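A quick write-up on the structure given underneath.
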Amino acid sequence: MKIEHQQHAVHNKHVGHSPQMFLKKFRISLILTIPVIFYSDILKTFFDFKAPVFFGSQYIPLVFGSIVFLYGGWVFLAGAWREIKGRLPGMMTLISIAIFAAYFWSIYAAFAGVEALFWELTTLITIMLFGHWLEMRAISSAQGALKELSKLLPDIAEVIHNGGTKIIPLSELRENDTVLVKSGAKIPADGKVIDGESDVNESMITGESRPVFKKEGDSVIAGTINGDGALKIRIANIGEKTFLAGIMRLVTEAQASKSRFQMLSDRAAFYLTIIAVVGGLITLVAWFAAGADIGFAVARLVAVLVVACPHALGLAVPLVASISTTKAAQNGFLIKQRLALESARTVDVVLFDKTGTLTKGEFGVVEIWNINGHTQDETLQLAASLDAFSQHPIAKAVVNKAKERGLSLKEPKKFETLKGKGVKAVIDDKEVMVGGPALLENVGIAIPAEISKQVENAGEKGQTVIFTLKDRVLLGAIALTDIVREESRDALKTLKELGIKSAMITGDSEDVAKWVSKELGIDEYFARVLPHQKSEKVKELQKRNLKVAMVGDGINDAPALTQADLGIAIGAGTNVAIESAGIILVRNNPMDIVKIIKLSQMTYSKMIQNLFWATGYNVVALPLAAGILASKGILLQPALAALFMSFSTVIVAINAMLLKNKTL
Ligand code: ADP
Ligand code: MG
């Protein structure tokens, strides 16, 4: 339904028409217009040219003009009929009134022996057809990118069944099937690698041009292309549930979601139509009253109607919007709300979540300290036993380290996540807790003197320290490092160049936050922030009259993402359904934030330019068309008006298309 709405916005004028149809009608009308021009007085007036006269030659403009009116003008008449039936008179109605008036006046004139408007009529229709052809071509190529996405899927899949393989149509593929993806083949559905290794090209989905190495256990995305190795994949999601389907849904939804600009230009188009009809009638009556002849008055009416056509206006915004959302998708960020993209250009400060956003979120254990005679293995074993049940990137590192040391894990009971602090469970009837400084504070334990120096030093080097407690007694501490993304450095540098402030928010300790901010040149940081306090920090920034873009992983950052003026969820992975964000990044690349802001700025200036080109011309040309300067010999002929009108449409279309080639 929503999708149809969008189509309506752009296409309602040409339901069921193709660019080819317009091209054909244009060509034929053009040929038929030539004799009309030859046998009307325009050439005589300007070039003193006289076409050969033969029996009935005076009827040539009438005959050919009628054919052009019916054959070429039909699309416009039918369009007007649809608009009137839908009670939404628009440009088709205007064009139709114009050609109707010109045609019926000319028929009368032809028989009455006064000056007819056939050459004006035929050139007008021909130029309109040309304009519409250009317009439709522009629209279909703007929407082509979405079609490109759907072409990414293969038609067939090779399933492994009873030891052999069988080729089946994609539609017969089911979840939990095992498929073989040979080298160079497209991956048919989302799934997990169960055997084999290969580099997979995911650029079409993520915008990341480097191939991604996949091995057993890794997830793969439908529509991406396998490199040199062969992969056996267990299918997890098919059809509508795939990541690709999610992207396409988002793109169409975003294209359908009307932006402020869109609403503005729709309203402007409506008023322009009304102004045109009223203005046209006033012009007609005024020239009558001034004693001009009817042919002249009708020609002015036609010119006014043509000039006022909100043709370019109807295109100015939708074209830009549809190009920008597809451009965004191709660059690996998905616009969920058009308004989100529009507001990106006005952002004053970008607030980044630290772990997993600015840093890779891939921790490694660097040191383990023990207290009170407990061993390193004890600390690590208990921590890993709990962390085996946690999703946190820190947890993964702890578990890996325990495995590396060959420690067996214990079975925790009553496992619980203490958001932003750590984890808690019962092991061997003892309460075990693992977590950061916030946890210690919560329990009311200070860092003992034995290790306080080390903990401090680690923090100053940007290392995260977590603690293991058994029955509220500290056993030891584990220091971990995370790697700062190279892209973060570039992103923060570019933000600075754009004059945008940066801030960082983290649940980690003050020392770590300080180190990372210094490392990256971040203006401001908030440390030891619990997940539910993150949105408070956003509000704090907003109270300082700053427009805030928040970048987070969208899971524990959801309230902050919603609170921010622009919520950007990073690392959507295979989960597109992140509700709280306006924009979702497919990759975990902070550089994409800069791209979003740039795209937003580009989109904005294109829309403004287009609105200018689309309406500026009408404003200047309307009085000329009405014949205000007729006494000074300046008159805008209907065909010239049509030419200008098409010209402004073409400018608008080309200007929008230029956005396609801009690099972000
Ligand atoms: P961030 O805001 O940087 O993403 P979180 O709010 O996720 O951080 O976590 C804050 C702190 O809580 C971590 O720095 C760590 O000290 C502690 N923590 C959270 N989860 C765990 C866990 N599973 N194991 C150990 N410590 C944890
Ligand atoms: Mg986090």
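Indexing begins at 1, ligand by ligand and atom by atom, following the structure's order. These numbers come from the heavy atoms of this one structure, side chains and all, not from hydrogens, waters or symmetry mates. The model shown is predicted, which means the values in this text are computed figures rather than measured ones.
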Measure [X] to ligand 1 on non-hydrogen atoms and call it side chain, backbone, both or neither using the 4.0 Å cut-off.
X      : answer
Asp353 : side chain
Asp387 : side chain
Lys421 : backbone

Taking a cutoff of less than 4.0 Å between a non-hydrogen atom of the residue and any ligand atom, is Lys534 in contact with ligand 1? yes

Looking at [Y] and [X], is there a salt bridge between them, counting it only when a charged N and a carboxylate O are closer than 4.0 Å?
X      : Y      : result
Glu431 : Arg472 : yes
Glu519 : Arg489 : yes
Lys543 : Glu540 : no
Asp353 : Lys534 : yes

Need the ligand 1 atom indices (1-based, order shown) with element for anything under 4.0 Å from a heavy-atom of [X].
X      : answer
Gly436 : 16 (O), 17 (C)
Ser390 : 23 (N)
Gly435 : 26 (N)
Val423 : 23 (N)
Gly422 : 18 (N), 19 (C), 20 (N), 21 (C), 27 (C)

Would you check if the side chain of [X] reaches a backbone N or O of [Y] as a donor-acceptor pair within less than 3.5 Å?
X      : Y      : value
Lys214 : Ser219 : yes
Gln463 : Ala479 : no
Arg345 : Ile597 : no
Lys327 : Lys662 : yes

Considering both backbone and side-chain atoms of [X], is one of its nitrogen or oxygen atoms within less than 3.5 Å of a nitrogen or oxygen in ligand 1?
X      : result
Gly420 : yes
Ile394 : no
His392 : yes
Thr464 : no

Check: of Thr468, Ile466, Val512, min heavy-atom distance to atom 26 (N) of ligand 1 comes from Ile466

Is any side-chain heavy atom of Asp508 less than 4.5 Å from a side-chain heavy atom of Trp515?
no

